[in-house]
Amino acid sequence: MVAVLTVAQRVTRTASGQKCNLLTHLVCAKHRREQSHHLYSHLSKTRILFQSLQKKKPETAMGNSGNINLLFGKKMENSPLAGFSFGGGTSGSLFGKDVNQEKIGAPTFSFTASVEKKEEIKDENEEDSEEPPEPVVNEIKEEDAIFSKKCKMFYKKDGDFKDKGVGTIHLKPVADQKIQLLVRADTNLGNVLLNIMLHPSLPCTRTGKNNILIVCVPNPPIDEKSPDTALPILIRVKTTQDADELHKIITEKKAAL
């Protein structure tokens with residue numbers, strides 16, 4: 001009887017030990033499942049956060065190391081991109097912002113100012129290359145002149161010939177069969193440089209290659225201090241033939257007076 005009880009007690013203790021082991025195993029398995037589920041949930045959240053950060057990374061050109069300052073909240077005043085204007089996006093660091101904020105827009109650059117400056121420089125260079133327009137002179141014609149040629153007039157003072165100006169010499173008949181010698185400046189007003197009447201005693205000589213020399217009291221006066229003093233006047237025409245023709249006509253008209 002004692003032996004039976006002893007066997008029964010052993011069986012009971014064995015069954016109890018097995019039951020405890022089974023309960024312990026179940027508790028450990030449940031704990032491992034909870035840890036696995038917690039770890040998987042943490043990894044999922046980490047992946048979602050990383051994907052959000054990747055989507056919100058600013059599309060900024062990283063041409064050199066100076067541009068990395070944009071990602072760490074530093075101002076870009078000394079950056080090579082500081083001269084450009086940005087059409088979108090926000091300043092500051094990417095880190096420390098809410099991951100749910102709006103996506104930072106890509107920067108847009110403005111080259112309007114430099115293009116306008118280049119066009120202004122181009123226009124200035126074109127204006128400099130243009131030649132100034134030549135002045136238009138409306139020559140006053142003497143319709144009844146028997147001789148008209150371009151000339152340059154000089155007068156002698158203090159032993160040297162002084163330039164009086166460029167114009168046109170005319171020989172034209174007037175009343176009482178007299179001949180007028182008229183020199184008009186090549187201007188729109190046609191200023192009179194010399195206006196005299198030929199007379200038989202008027203000295204007139206041929207000199208140099210294309211010059212004639214006369215001595216007369218100039219009208220209008222050249223020297224205001226001595227308006228009645230005769231001065232040597234040199235008339236220079238373009239060619240030798242013009243000078244010969246002018247001298248011949250003056251000589252012939254003087255003889256006919």
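None of the values given here were measured: they were computed from a predicted structure.
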Do Glu245 and Ile249 pass the side chain to side chain contact (heavy atoms under 4.5 Å, CB included) test, and can you show the C-alpha distance, the side-chain angles, and the key distance before you say yes or no?
CA-CA 6 Å; Glu245 183 182 1; Ile249 295 174; 4.1 Å; yes
So does [Y] get a backbone contact from the side chain of [X], meaning a donor-acceptor N/O pair under 3.5 Å?
{"X": "Arg236", "Y": "Lys238", "value": "no"}
{"X": "Lys254", "Y": "Leu202", "value": "yes"}
{"X": "Arg184", "Y": "Thr168", "value": "no"}
{"X": "Asp176", "Y": "Lys178", "value": "no"}
{"X": "Ser148", "Y": "His170", "value": "no"}
{"X": "Asn219", "Y": "Asn195", "value": "yes"}

Side-chain heavy atoms under 4.5 angstrom apart, residues restricted to Ile, Leu, Val, Met, Phe, Trp, Tyr: same cluster for [X] and [Y]?
{"X": "Leu257", "Y": "Leu182", "result": "no"}
{"X": "Val237", "Y": "Val166", "result": "no"}
{"X": "Val215", "Y": "Ile222", "result": "no"}
{"X": "Met197", "Y": "Ile146", "result": "no"}
{"X": "Ile179", "Y": "Leu181", "result": "yes"}

So, taking the atom named [atom1] in [X] and the one named [atom2] in [Y], what distance separates them when rounded to the nearest 0.5 Å?
{"X": "Gln180", "Y": "Leu198", "atom1": "CD", "atom2": "CG", "value": "9.5 Å"}
{"X": "Asp160", "Y": "Tyr155", "atom1": "CG", "atom2": "OH", "value": "11.0 Å"}
{"X": "Glu142", "Y": "Ile169", "atom1": "CD", "atom2": "CD1", "value": "12.0 Å"}
{"X": "Lys248", "Y": "Thr251", "atom1": "NZ", "atom2": "OG1", "value": "10.0 Å"}
{"X": "Leu234", "Y": "Asn211", "atom1": "CG", "atom2": "CG", "value": "4.5 Å"}
{"X": "Ile214", "Y": "Cys204", "atom1": "CD1", "atom2": "SG", "value": "6.5 Å"}

If I compare all heavy atoms of [X] with all of [Y], which pair ends up nearest, and what's the gap?
{"X": "Val217", "Y": "Ile196", "answer": "O-CG2, 3.9 Å"}
{"X": "Ser201", "Y": "His199", "answer": "OG-ND1, 2.8 Å"}
{"X": "Thr240", "Y": "Asn210", "answer": "N-CB, 4.2 Å"}
{"X": "Pro218", "Y": "Thr229", "answer": "CD-O, 3.6 Å"}
{"X": "Ile235", "Y": "Leu246", "answer": "CG2-CD2, 4.3 Å"}
{"X": "Ile233", "Y": "Met153", "answer": "CG2-CE, 3.9 Å"}

Strictly below 4.0 Å, N to O, side chains only: are Lys150 and Asp242 in salt-bridge contact?
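The answer is no: the pair does not qualify as a salt bridge.
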Electrostatic pair Lys172:Glu143 at N-O distance under 4.0 angstrom
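So Lys172 does not pair with Glu143 through a salt bridge.
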I'd like to know whether Val183 forms a side chain to side chain contact (heavy atoms under 4.5 Å, CB included) with Val192, so could you lay out the CA-CA distance, the side-chain angles of the two residues, the decisive distance to 0.1 Å, and finally the verdict.
CA-CA 6 Å; Val183 180; Val192 175; over 6 Å; no
When you look at Phe154 and Lys162, which way does the side chain to side chain contact (heavy atoms under 4.5 Å, CB included) test go after all the steps?
CA-CA 5 Å; Phe154 302 85; Lys162 311 292 184 180; over 6 Å; no
Asn191 and Thr187 side chains, donor-acceptor separation under 3.5 Å:
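Yes - a donor-acceptor pair under 3.5 Å links their side chains.
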Side chain to side chain contact (heavy atoms under 4.5 Å, CB included) between Thr205 and Ile212, intermediate numbers included
CA-CA 6 Å; Thr205 57; Ile212 65 165; over 6 Å; no
